[in-house]
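Here is the naming used below: chain letters follow the sequence lines, and residue numbers restart at 1 for every chain.
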Protein chains: 2
Amino acid sequence: MLNETAMAALEQTGANEPEKRIRDRSATERAILKAAKNLLAEEGFQNFGINAVARRAGCDKQLIYRYYGGLDGLVEAIGADLGNWVKDRIPEDTGGMFLLTYGDLMERLSLLFLEALRDDPLMRRIVAWEISENTEQVRRLSEARSKALGLWLDRMRGSLTPPKGIDPAAVNALIFASIQHLVLSAAAGGQCAGLVLKNGKDWEKAATALKRLVRGVYG
Amino acid sequence: MLNETAMAALEQTGANEPEKRIRDRSATERAILKAAKNLLAEEGFQNFGINAVARRAGCDKQLIYRYYGGLDGLVEAIGADLGNWVKDRIPEDTGGMFLLTYGDLMERLSLLFLEALRDDPLMRRIVAWEISENTEQVRRLSEARSKALGLWLDRMRGSLTPPKGIDPAAVNALIFASIQHLVLSAAAGGQCAGLVLKNGKDWEKAATALKRLVRGVYG
DNA sequence: CCGGTCTGTCACCAATCGGTGAGTAACAGT
DNA sequence: ACTGTTACTCACCGATTGGTGACAGACCGG
């Protein structure tokens, strides 16, 4: 007599199994990585574990240990992808605008970063993870992310120099911090510090406020 | 023959047990609440659970169910305390300064909030929790917190009005978002967006940058 | 003294977690 | 066709989780 799970398995294998990738290591590795990224993006780091990833990837967790050396290696692989984030999600050109001053630059970068983060749930989860835990895993993710971001900032800056008398590192840290927290808070609860952030109208207000903030310091 | 735990129990009860509060419900309730707050502040929301709280409170988890109706009720009790946060941690007076303009006010409030958040690990954990999860628990905590904060802001504002032509709600949301993310990021990893935040010198730089940001928009 | 209520403890449950060792099925080389 | 390697699955482990029912002892009113 067959139990229900066995019946279901038979049904699956017997009826329709369009892409039953079998014995393709690299494909399995890719499937695992993809499953991990999707899981992290959709569920957050709370329930991010070996079992959950394996379940979503449709394979045994043992393979994660074998191919990635456990969760740590898998997270590191995710971090390696982060290096490409900037070039994937943020346009290189200036959108037809001429960036004459440092203020022009920072205003544009701020808005680009805001939109990019708003559109990328995985990156949001990672940022939230960074400020919630301090394990080795997260530290490496954080490092990869800030490194990629710094590179992008340097590349976009070109030869523009910030106004004298102010500390651009500290000011920019505050600006980017505000963007990150605004987006994360909105993604989590639909508002930030009492400011509702749901429809496009709300975000336009936030964007103009951000512009004002940037222009206030950098002119 | 006695096992080791029994021996230890005998030793404890036999030798020295200064305050063995027995059958004091309100005291137990307070102990549970205190344990929950300390646990959340020290360990974060990741390992915040019934078992951990009971372990730290030194009582059975059953009592948490009985007295608080489970973790939800306990979290709600924590949220109720949050109403007192502002008046406990943030001074009422203006520090001998005269706040003549809205810019004066916001600069002072920003710095006060920065320091207060920096000194309160529990509040930091709650903020981190808010942007990491969206359960009913967290939503209520978040509500209590933003409500208390809004009240404080209203009370401190007095009759001062923001400059015309700008959206104070959006701008202030960005400012407070930047403070929160800066402090959380620093508490987690010692830096924020590449800006190291460890010793007092680093924080002074951040404070001046914050002042500049606020003054930039509000004059 | 007895019975009931309140406070607290303990033992147990199913589910899930990360982790490992053993076994199986498909492929390649000869 | 036999053999060894590679890709993969399965069954199990101890630990921990949230949750519950049963029980023991202190207290209080009668």
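In this structure, CG of B/Asp24 is placed 13 Å from P of D/dC28, rounded to the nearest angstrom. Per the geometry, CD1 belonging to B/Ile22 stands 11 Å off C1' belonging to C/dG8, to the nearest Å. The separation between A/Glu29 atom CD and D/dA7 atom P is 9 Å, rounded to whole Å. The nearest whole Å value for the distance from the CG atom in A/Asp60 to the C1' atom in C/dG23 is 12 Å. Regarding A/Leu74, its CG atom lies at a distance of 12 Å from the P atom of C/dG18, rounded to whole Å. When the C1' atom of C/dT24 is taken as reference, atom CD of A/Gln62 falls 14 Å away, rounded to whole Å. Look at CD1 on B/Ile50: it is 21 Å from P on C/dC13, rounded to the nearest Å. Between the NZ atom of B/Lys61 and the P atom of D/dG21 there is a distance of 13 Å, rounded to whole Å.
Residue B/Arg55 has no polar side-chain atom (N or O) positioned under 4.0 Å from OP1 or OP2 of D/dG18. Phosphate contact (OP1/OP2 of D/dA7, side-chain N/O of A/Thr28, threshold under 4.0 Å): absent.
A donor and an acceptor atom sit less than 3.5 Å apart, one in the side chain of B/Arg23 and one in the base of D/dA26.
With a 4.5 Å cut-off on side-chain heavy atoms, B/Leu74 and B/Tyr65 do not count as touching. Side-chain contact check for A/Glu76 versus A/Glu136: every heavy-atom pair is 4.5 Å or farther apart. With contacts defined as side-chain heavy-atom distances shorter than 4.5 Å, the pair A/Phe176/A/Leu153 qualifies. A 4.5 Å side-chain heavy-atom check between B/Gln46 and A/Phe45 finds at least one atom pair inside the cut-off. Residues A/Thr28 and A/Leu63 form a side-chain contact, since some pair of their non-hydrogen atoms from C-beta on lies under 4.5 Å apart.
Nearest nucleotide to the A/Asn51 side chain, out of D/dT17, C/dG18, D/dC8: C/dG18. Comparing D/dT9, C/dG19, C/dT9 by their closest approach to the side chain of B/Cys59 singles out C/dT9.
Remark: B/Leu63, B/Arg66, B/Tyr67 in residues 63-73 of chain B come within less than 4.0 Å of DNA chain C through at least one heavy atom.
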Could you list the donor-acceptor pairs under 3.5 angstrom formed between side-chain atoms of residues 109-122 of chain B and any protein atom two or more places apart in sequence or on another chain?
| from | atom 1 | to | atom 2 | distance (Å) |
| --- | --- | --- | --- | --- |
| B/Ser110 | OG | B/Met106 | O | 2.6 |
| B/Asp120 | OD1 | B/Leu122 | N | 3.0 |
| B/Asp120 | OD1 | B/Met123 | N | 3.1 |
| B/Asp120 | OD2 | B/Trp85 | NE1 | 2.5 |

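Not one N or O on the side chain of B/Arg145 forms a donor-acceptor pair closer than 3.5 Å with the backbone of B/Val127.
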